[in-house]
Participant: 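Here you go, one structure.
What's counted below: heavy atoms across the whole structure, side chains too, no hydrogens, waters or symmetry copies.
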Number of protein chains: 2
Amino acid sequence: MSSPDVTWGCGGERPLRRDAERNRRRILEAAREVFAERGLGVTMDDIADHADVGVGTVYRRFPEKEALIEALFEERVEELVSLAQEAMAEDDPWDALVGFLERGQALQASNRGLKELVLSTGYGRERVACMRDRMAPLVHGLVERAQASGQLRPDIVGTDLPLIQVMLGGIVDFTRDVDPDTWRRMLAIIVDGLRAREPLTPLEAPALDPSQVEQAMHGWKPLRC
Amino acid sequence: MSSPDVTWGCGGERPLRRDAERNRRRILEAAREVFAERGLGVTMDDIADHADVGVGTVYRRFPEKEALIEALFEERVEELVSLAQEAMAEDDPWDALVGFLERGQALQASNRGLKELVLSTGYGRERVACMRDRMAPLVHGLVERAQASGQLRPDIVGTDLPLIQVMLGGIVDFTRDVDPDTWRRMLAIIVDGLRAREPLTPLEAPALDPSQVEQAMHGWKPLRC
DNA sequence: CGAAAACGGAGAGCCGAGCTCCGGTTCGTG
DNA sequence: CACGAACCGGAGCTCGGCTCTCCGTTTTCG
């Protein structure tokens, strides 16, 4: 909106001095790593240290964290959307759904920052909200197709999928430094619970509607943020 | 160990003055409510305000939060153990298991502080650790019985239950001020996923052993704590 | 009534995170 | 190579939030 050649160094106004440009790259790289490992809650000092650079340098280049985060996660967030698109392209509706759950979670498990960005609200809100709007119909489609083919239990609804992500996200956090793959175990259980077959334990509680999910994300602080 | 008649006012050394005793009760009551509603992260000021009492008074009675928490949650934590015991007494092994999951989660859903106490480590560690030691064999028994009766899938293990609690706990947090019953929906899915029936999605990741669960709880900070 | 006990809550001390500022360093141009 | 501009570094200031103390005031009770 008003930022200089700060976010896209490639074709900017006047090129940065060599050392400045070097540091800019370092910071971006460090931020990528640190966000992925430790989540969005890391301090600017953390990033600076990791980049072997002074805090001042970080602030000079990225006056606020928001910009840094947004620049970094754009691509990752897109990845999530295209995951859903690819899933819709899959032949078998059940495999599509399960594959989407599995790959989506794997993505989030590999990047703590991404997980926090997607599940919470408060950082890239604009971009993430818009991403969710694009996801919703795809997810809805995945669910409907799998139900039409008789493989997914009929009482499931699109908004249940984010909830499943939240559950698995919790497991990922919980078991992170003990066994980072335990979420797959839980996913397998959940997947079997999603199959259409008797007897079905009735889902006593009503499904959430999209606005409720939205609202839940607002009030939500996964760890620190 | 060295505390005065602070935690058990009933039969203590010399009785508190009337106003002091009244305030002590108020504080305990307020703490109970506030912990249940907002979790263990609340400040002493929060408690004092809620009790209509000055902070000083709270500190005079309960020099550290730990004591306050421990005094309050003793009973609640016992409740969890007896839940498992009652479950073991149930006739049908499957109903026992499912009922235990359901009631255990309901207890934690109704009391945010309890949930944090049980799932994390850092507050009543002594008491909670000992509680877990008592739970472990019971839970193990519940699992084995349900498997022996052919109702529970055979690849489940005792340590999977705490993980299920973690997942549901995440949902409880997430949906707290949107629809506090959504966790039941997810539980139903999970329960169906636990049934022994073909096809079973294989649990690719290995189960955690108890020490890993313990370790996971250590590194774990649900919200703030 | 008066001493002892208890109260209240302002504020001191602390901590962690965000951010600034300026003496020193590096660049690159004349 | 020399010099000004651009940039760096990181000590330290600010700020908000929390824990805990201290003492003038109030309450209890013999």
Participant: By nearest atom, which of the nucleotides C:dC27, C:dC19, D:dT19 is closest to the A:Asp45 side chain?
Facilitator: C:dC19
Participant: Rounded to the nearest Å, what distance is computed from the NZ atom of residue A:Lys65 to the P atom of nucleotide C:dC19?
Facilitator: 9 Å
Participant: Rounded to whole angstrom units, what separation is found between the CG atom of A:Asp49 and the C1' atom of D:dG10?
Facilitator: 10 Å
Participant: Which listed nucleotide (D:dT27, C:dG8, C:dA17) is nearest to the side chain of B:Asp19?
Facilitator: D:dT27
Participant: CE of B:Met44 versus P of C:dG11: gap in Å, rounded?
Facilitator: 22 Å
Participant: Closest nucleotide of DNA chain C for A:Val42 versus for A:Arg17: which of these residues is on the 5' side?
Facilitator: A:Val42
Participant: Counting only side-chain N and O atoms of A:Arg22, is one of them less than 4.0 Å from OP1 or OP2 of D:dC7?
Facilitator: no
Participant: If we ignore hydrogens and angles and just use 3.5 Å, is the side chain of B:Glu21 paired with the main-chain N or O of B:Leu16 as donor and acceptor?
Facilitator: no
Participant: Among D:dT21, C:dT20, D:dC8, which nucleotide has an atom closest to any side-chain atom of A:Tyr59?
Facilitator: C:dT20
Participant: If I take atom CZ in residue B:Arg61 and atom P in nucleotide C:dG8, what distance separates them, rounded to the nearest angstrom?
Facilitator: 11 Å
Participant: What integer distance in Å separates A:Ile27:CD1 from D:dG10:P?
Facilitator: 13 Å
Participant: Is any side-chain heavy atom of A:Met217 closer than 4.5 Å to one of B:Phe174?
Facilitator: yes
Participant: Is there a side-chain polar atom (N or O) of B:Asn23 under 4.0 Å from OP1 or OP2 of C:dC7?
Facilitator: yes
Participant: CZ of A:Arg18 versus C1' of C:dT25: gap in Å, rounded?
Facilitator: 15 Å
Participant: So that I can tick it off, tell me whether A:Asp52 and A:Arg26 are bridged by a salt bridge, with the cut-off set at under 4.0 angstrom between side-chain N and carboxylate O.
Facilitator: no
Participant: Out of D:dG9, D:dT28, C:dC19, which has the shortest distance to the side chain of A:Thr57?
Facilitator: D:dG9
Participant: Name the closest nucleotide to the B:Val55 side chain, picking from C:dA10, D:dC7, C:dA6.
Facilitator: C:dA10
Participant: Rounded off to whole Å, could you give me the CZ-to-P distance for the A:Arg60 and D:dG10 pair?
Facilitator: 12 Å
Participant: Quick one: do B:Ile47 and B:Phe62 satisfy side chain to side chain contact (heavy atoms under 4.5 Å, CB included)? Show the steps, please.
Facilitator: CA-CA 12 Å; B:Ile47 297 174; B:Phe62 301 93; over 6 Å; no
Participant: For B:Arg38 and D:dC18, what is the distance between atoms CZ and P respectively, to the nearest whole Å?
Facilitator: 10 Å
Participant: Over all heavy atoms of both residues, which pair between A:Leu142 and A:Ala87 is shortest? Give the atoms and the distance, please.
Facilitator: CD2-CB, 3.8 Å
